[in-house]
Amino acid sequence: MTVDVEAPVDRVFDYLCEPANRPAWQASLRRVEVLTSGPAGIGTRWYDVTWPGVRPLLEITAWEQNVRWVEHGVWRGLEVTLDLVFVPLDEHRTRVRATTDVLAPGWRRPLGWVLDRLGPLGARDDLRRAARLIP
């Protein structure tokens, strides 16, 4: 799934990769609780505090400045990975390509199927919202 953003790649990357910005553009979030200090980067960990009450633990697992960013989330045996790739289209536009991967073993497998199908739609809508908010 891709979303084109009317902003240069450095601004898009910096905005999307900062966990503190997420409640502004991710529909399911009430807030984030960052567990690590310093600037965001590989190893940054936080809890997403969602409106349904789910609190997955997330961690940045890959970080290539202005190129690629990956987070891995865990909640009660479910694992979800979000991989964002940033492609500059020109000096003022960026394409963000998002890929999600869900691991839901055992009795969680039906929930994994639902997340596999609905997750990309939610991610697309969230990224479109973020595109409107990037300064």
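What you are looking at is a predicted structure, and each value in this text was computed from that prediction instead of being measured. Side chains included, hydrogens not; waters and symmetry mates left out as well; all remaining heavy atoms used.
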[X] with [Y], same ILVMFWY side-chain cluster at under 4.5 Å:
X     : Y     : result
Leu82 : Val67 : no
Val70 : Val3  : no
Tyr47 : Val54 : no
Leu35 : Val49 : no

So which atom in [X] and which in [Y] form the shortest heavy-atom distance, rounded to 0.1 Å?
X      : Y     : answer
Leu127 : Ala98 : CD1-CB, 3.8 Å
Arg30  : Pro23 : O-CB, 4.0 Å
Ala20  : Val32 : CA-CG2, 3.9 Å
Val74  : Glu79 : CG2-CG, 4.1 Å
Ala40  : Glu18 : CB-OE1, 4.0 Å
Arg95  : Asp4  : NE-OD1, 2.7 Å

> Can you check whether Phe13 and Trp63 have ring centres sitting under 6.0 Å from each other?
Replying inline: yes
How far does [atom1] of [X] sit from [atom2] of [Y], to the nearest 0.5 angstrom?
X     : Y     : atom1 : atom2 : value
Arg45 : Glu59 : CZ    : CD    : 5.5 Å
Leu29 : Thr50 : CG    : OG1   : 7.0 Å
Leu57 : Glu33 : CG    : CD    : 11.0 Å
Thr61 : Trp69 : OG1   : CH2   : 8.5 Å
Asp83 : Glu71 : CG    : CD    : 10.0 Å

Does [X] reach the side chain of [Y], with side-chain heavy atoms less than 4.5 Å apart?
X     : Y     : value
Val9  : Gln65 : no
Val87 : Thr2  : no
Phe86 : Leu16 : yes

Give a yes or no on whether the backbone of [Y] and the side-chain of [X] come within a donor-acceptor separation of less than 3.5 Å.
X      : Y     : answer
Thr94  : Ala7  : yes
Arg129 : Trp25 : yes
Asn21  : Tyr15 : yes
Asp10  : Asn66 : no

>> I'd like to know whether CZ of Arg97 has more than 12 heavy-atom contacts from other residues, nucleotides or ligands below 6.0 angstrom.
In response: no
> Going through the distances and angles, do Trp46 and Thr36 end up as a side-chain contact (heavy atoms from CB on, under 4.5 Å)?
Replying inline: CA-CA 7 Å; Trp46 70 95; Thr36 51; over 6 Å; no
